[in-house]
Structures are given as structure tokens and as C-alpha cells.
S.K.: 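Got a structure here, written out as C-alpha cells. Questions coming.
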Amino acid sequence: MRPDFLVQVYRDSHPLSGVAVKVASSNGEARFSETTDETGEVHVTNLAPGDYWIRVSLLGISAGEECFHVDRGIARGEKRLRYEWGVLAVGVSGVAGSLSWYKLGIGGTPTENLVHQLRVAASNISLILTNPFTKQTFEATSDADGHFSFSDITPGIYVLHTTAEDGHFDASDILLELSPGRGRQYIPLVARRNTCGTTSFELDFQSKEPSR
């Protein structure tokens with residue numbers, strides 16, 4: 001890469017504003033941080049020679065992450081990086097579902113209780129649904145049975161954010177594409193501990209939709 005270059009971020013050929021573009025050196029030191037403008041662009045400037053990481057994200061959803069090298073006096077390096085955001089959205093026909101988590105079983109040995117965990121509802125969890133284009137946000141809270149629902153939502157791309165709860169769950173972000181009549185009608189989310197050591201909600205693809 002050249003010391004100065006352009007970053008462009010799109011969704012279905014539409015530029016995205018407010019996307020965080022962060023550049024750090026190979027040792028993790030922050031060197032650049034800005035958000036894209038209404039054209040979906042941001043100019044990275046004045047990078048010294050060396051190795052870097054660039055991370056591009058919006059509403060907690062990554063558009064890309066890669067390493068690159070800046071060399072002194074380079075004349076033919078890349079002048080532009082282009083990213084597509086939201087390519088792995090889960091198709092849904094409505095934004096309603098449930099939150100749950102697993103706790104240790106009871107009545108057995110420690111090993112048995114660990115193996116036979118109980119799935120229980122995650123109640124009173126705040127959820128925020130955000131459209132990255134219109135900036136509209138909608139709020140809901142899971143009930144005593146872990147159920148939540150958003151109504152009167154127009155079709156489009158959204159990020160479903162669950163807030164952190166001390167002692168149980170970390171914040172999570174799930175990318176959804178709402179298209180009535182297509183995709184899942186119900187969104188079962190379960191809290192799992194991931195390889196990063198956090199416990200956050202993710203879509204449970206193995207759960208069946210409740211009968212209606």
C-alpha cells in the first residue's frame with residue numbers, strides 16, 4: 001500500500017456512512033481512526049513505512065480485516081481498498097424470537113451437571129434494532145419467557161444488538177435482512193461462550209420454529 005490511500009465501503013453498491021475505519025501498527029498501536037462520510041469513503045493519510053492492520057466495521061458487524069505493508073517511496077502500491085458490508089446477513093421474514101442460555105444441571109455429580117445443562121429463558125434483556133441506512137432504531141425487551149418482538153418494521157438490512165448484562169452475557173450484534181415471506185419467521189438466540197472468552201448471543205440454527 002501507499003502511505004496515503006482511499007477506503008470505500010458499500011452495501012449492494014450503495015455507499016455507507018458512519019463506518020469505522022481503524023488502522024493499527026503490527027504491535028497494536030492505533031495509527032488512524034475515522035468514519036466514512038456520506039460517499040462511503042475515508043482517506044487514510046501519512047502512514048510511516050511498516051506493517052499494519054486495517055479493521056472496518058459498522059454497528060459491531062465487520063466489513064473486513066486485513067494486514068498490509070507500507071514501503072518508503074513506493075510508486076505502484078494500491079491506492080484504494082474497497083469493502084462490502086453486510087454480506088452474511090441472516091434472512092428473516094419477521095423480527096421476533098427468543099433469548100436463552102444454559103446453566104448447570106442439578107441433582108447429579110459435578111461432571112453430570114456439566115454434561116446435562118439446562119436451557120433457560122434469558123429475561124429482561126434489552127435489544128436494539130438499527131437500520132444502517134436510515135439510522136432508525138427500535139427497542140424491545142425480552143419477557144419472562146425470553147421472548148421478544150419488533151413490529152411495524154419495514155423490509156431492509158438491520159443489526160440486532162443485545163446489551164450486556166453483568167455476570168451473565170456480553171453484548172452481541174447479529175446481522176439480519178428482513179424480507180416478508182422469505183427466510184426464518186422466528187429467531188431463536190442462545191448465549192454461548194466463544195473462543196474469545198465472552199458469552200454472547202448467537203443464532204441457534206438447530207432450533208425449530210414454534211408451532212403456530
Side-chain angles (χ1 to χ4, degrees), residues 1-2 4-24 30-45 47 52-68 77-97 99 126-140 148-164 170-189 194 196 198 200-205:
M1 296 296 299
R2 298 186 181 186
D4 306 284
F5 57 89
L6 180 68
V7 176
Q8 300 172 309
V9 187
Y10 292 86
R11 162 70 187 180
D12 290 338
S13 299
H14 298 289
L16 275 174
S17 63
V19 181
V21 176
K22 298 182 179 181
V23 176
R31 295 297 178 87
F32 180 90
S33 179
E34 283 191 19
T35 57
T36 57
D37 58 20
E38 64 277 2
T39 68
E41 299 179 348
V42 66
H43 290 268
V44 179
T45 60
L47 290 181
Y52 297 91
W53 277 94
I54 184 169
R55 294 175 173 86
V56 182
S57 64
L58 175 64
L59 297 172
I61 305 297
S62 175
E65 178 177 312
E66 60 183 303
C67 59
F68 64 94
E78 292 291 332
K79 297 185 292 184
R80 181 181 66 178
L81 291 176
R82 177 173 174 138
Y83 296 95
E84 184 76 13
W85 181 88
V87 295
L88 298 177
V90 176
V92 296
S93 58
V95 189
L99 299 175
S126 297
L127 302 99
I128 301 173
L129 189 69
T130 304
N131 184 311
F133 290 103
T134 65
K135 311 303 180 185
Q136 284 183 298
T137 60
F138 308 87
E139 298 183 4
F148 65 89
S149 177
F150 293 87
S151 58
D152 300 323
I153 308 298
T154 58
I157 194 87
Y158 292 90
V159 174
L160 179 62
H161 175 79
T162 61
T163 58
D170 297 281
S172 60
D173 300 286
I174 298 172
L175 188 64
L176 304 174
E177 185 163 8
L178 175 61
S179 179
R182 301 179 61 184
R184 302 180 65 100
Q185 295 182 343
Y186 194 76
I187 310 170
L189 303 176
N194 58 38
C196 296
T198 60
S200 54
F201 289 100
E202 58 186 50
L203 185 63
D204 185 6
F205 289 98

S.K.: Side chains of Leu189 and Asp204: closer than 4.5 Å at any heavy-atom pair?
M.R.: no
S.K.: Search all heavy atoms of Ser93 against all heavy atoms of Gly181 and return the closest pair with its distance.
M.R.: CB-N, 3.4 Å
S.K.: Side chains of Val42 and Glu34: does their closest heavy-atom pair fall under 4.5 Å?
M.R.: yes
S.K.: Using the test side chain to side chain contact (heavy atoms under 4.5 Å, CB included), find all partners of Ala89 that sit at least two apart in sequence or belong to another chain.
M.R.: Ile157, Leu175, Glu177
S.K.: Show, in sequence, the C-alpha distance, side-chain angles and deciding distance for Leu160 and Phe150, and conclude whether the side-chain contact (heavy atoms from CB on, under 4.5 Å) test is met.
M.R.: CA-CA 11 Å; Leu160 179 62; Phe150 293 87; 3.8 Å; yes
S.K.: So is Arg82 actually on top of Tyr10's ring, under 6.0 Å and inside 45° of the axis?
M.R.: yes
S.K.: How long is the straight-line distance from NE2 of His161 back to OG1 of Thr130, given to the nearest 0.5 Å?
M.R.: 8.5 Å
S.K.: With distance as the sole criterion, is a donor-acceptor pair present between the side chains of Tyr83 and Glu65 under 3.5 Å?
M.R.: no
S.K.: Is there a ring pair (Phe, Tyr, Trp, His ring centres under 6.0 Å) between Tyr52 and Phe68 once you walk through the steps?
M.R.: CA-CA 5 Å; Tyr52 297 91; Phe68 64 94; 5.6 Å; yes
S.K.: To the nearest 0.5 Å, what is the distance between OG1 (Thr162) and CD1 (Ile128)?
M.R.: 9.5 Å
S.K.: Among all residues two or more places apart in sequence or in another chain, which pass the side chain to side chain contact (heavy atoms under 4.5 Å, CB included) test with Ser126?
M.R.: Thr141, Thr163
S.K.: Are any side-chain N or O atoms of Thr134 and backbone N or O atoms of Gln136, one a donor and one an acceptor, separated by less than 3.5 Å?
M.R.: yes
S.K.: Any side-chain to backbone donor/acceptor pair from Thr36 onto Val19? Under 3.5 Å, distance only.
M.R.: yes
S.K.: Kindly indicate whether the side chain of Pro180, heavy atoms from C-beta on, has any atom under 4.5 Å from the side chain of Pro155.
M.R.: yes
S.K.: If you take all heavy atoms of Arg2 and Phe5, which pair is closest and at what distance?
M.R.: O-CD2, 3.3 Å
S.K.: Once rounded to the nearest 0.5 Å, what's the spacing between atom SG of Cys67 and atom CE of Met1?
M.R.: 12.0 Å
S.K.: To the closest 0.5 Å, what do you measure between CZ (Phe138) and CG (Leu127)?
M.R.: 14.0 Å
S.K.: Could you tell me if the side chain of Val159 sits less than 4.5 Å from the side chain of Leu129, heavy atoms only?
M.R.: no
S.K.: Kindly write out the residues that satisfy side chain to side chain contact (heavy atoms under 4.5 Å, CB included) with Thr45, not counting sequence neighbours, or none if the list is empty.
M.R.: Asp4, His43
S.K.: With a 4.5 Å limit on heavy-atom distance, are the side chains of Val9 and Pro15 in contact?
M.R.: no
S.K.: For the pair Trp85 (side chain) and Gly64 (backbone), establish whether a donor and an acceptor sit closer than 3.5 Å, ignoring hydrogens and angles.
M.R.: no
S.K.: Return the set of residues passing side chain to side chain contact (heavy atoms under 4.5 Å, CB included) with Thr39 (not counting sequence neighbours), or none when no residue passes.
M.R.: Asp37, Glu41
S.K.: With a 4.5 Å cut-off on side-chain heavy atoms, are Phe133 and Leu16 touching?
M.R.: yes
S.K.: What pairs meet the salt bridge (charged side-chain N to carboxylate O under 4.0 Å, His left out) rule with one or both residues in residues 148-163, with sequence neighbours excluded?
M.R.: none
S.K.: Using side-chain contact (heavy atoms from CB on, under 4.5 Å) as the criterion, point out the one residue from Val95, Thr137, Ile174, Ile153 that pairs with Tyr158.
M.R.: Ile153
S.K.: Do any pairs count as a side-chain hydrogen bond (donor to acceptor under 3.5 Å, both in side chains) and have a residue in residues 13-23, sequence neighbours left out, and if so which ones?
M.R.: none
S.K.: Hey, are the side chains of Ile54 and Val7 touching, using non-hydrogen atoms and a 4.5 Å cut-off?
M.R.: yes
S.K.: Can you see which heavy atom on Ser172 is nearest to which on Ser200, and at what distance?
M.R.: CB-CB, 3.6 Å
S.K.: Would you confirm whether Glu84, through its side chain, and Asp12, through its main-chain N or O, come within 3.5 Å as a donor-acceptor pair?
M.R.: yes
S.K.: Using every non-hydrogen atom in the two residues, find where Ala171 and Ala164 come nearest and quote the distance to one decimal.
M.R.: N-CB, 3.6 Å
S.K.: Please give me the minimum heavy-atom distance between Asp173 and Ile61, naming the atom from each residue.
M.R.: O-CD1, 3.7 Å
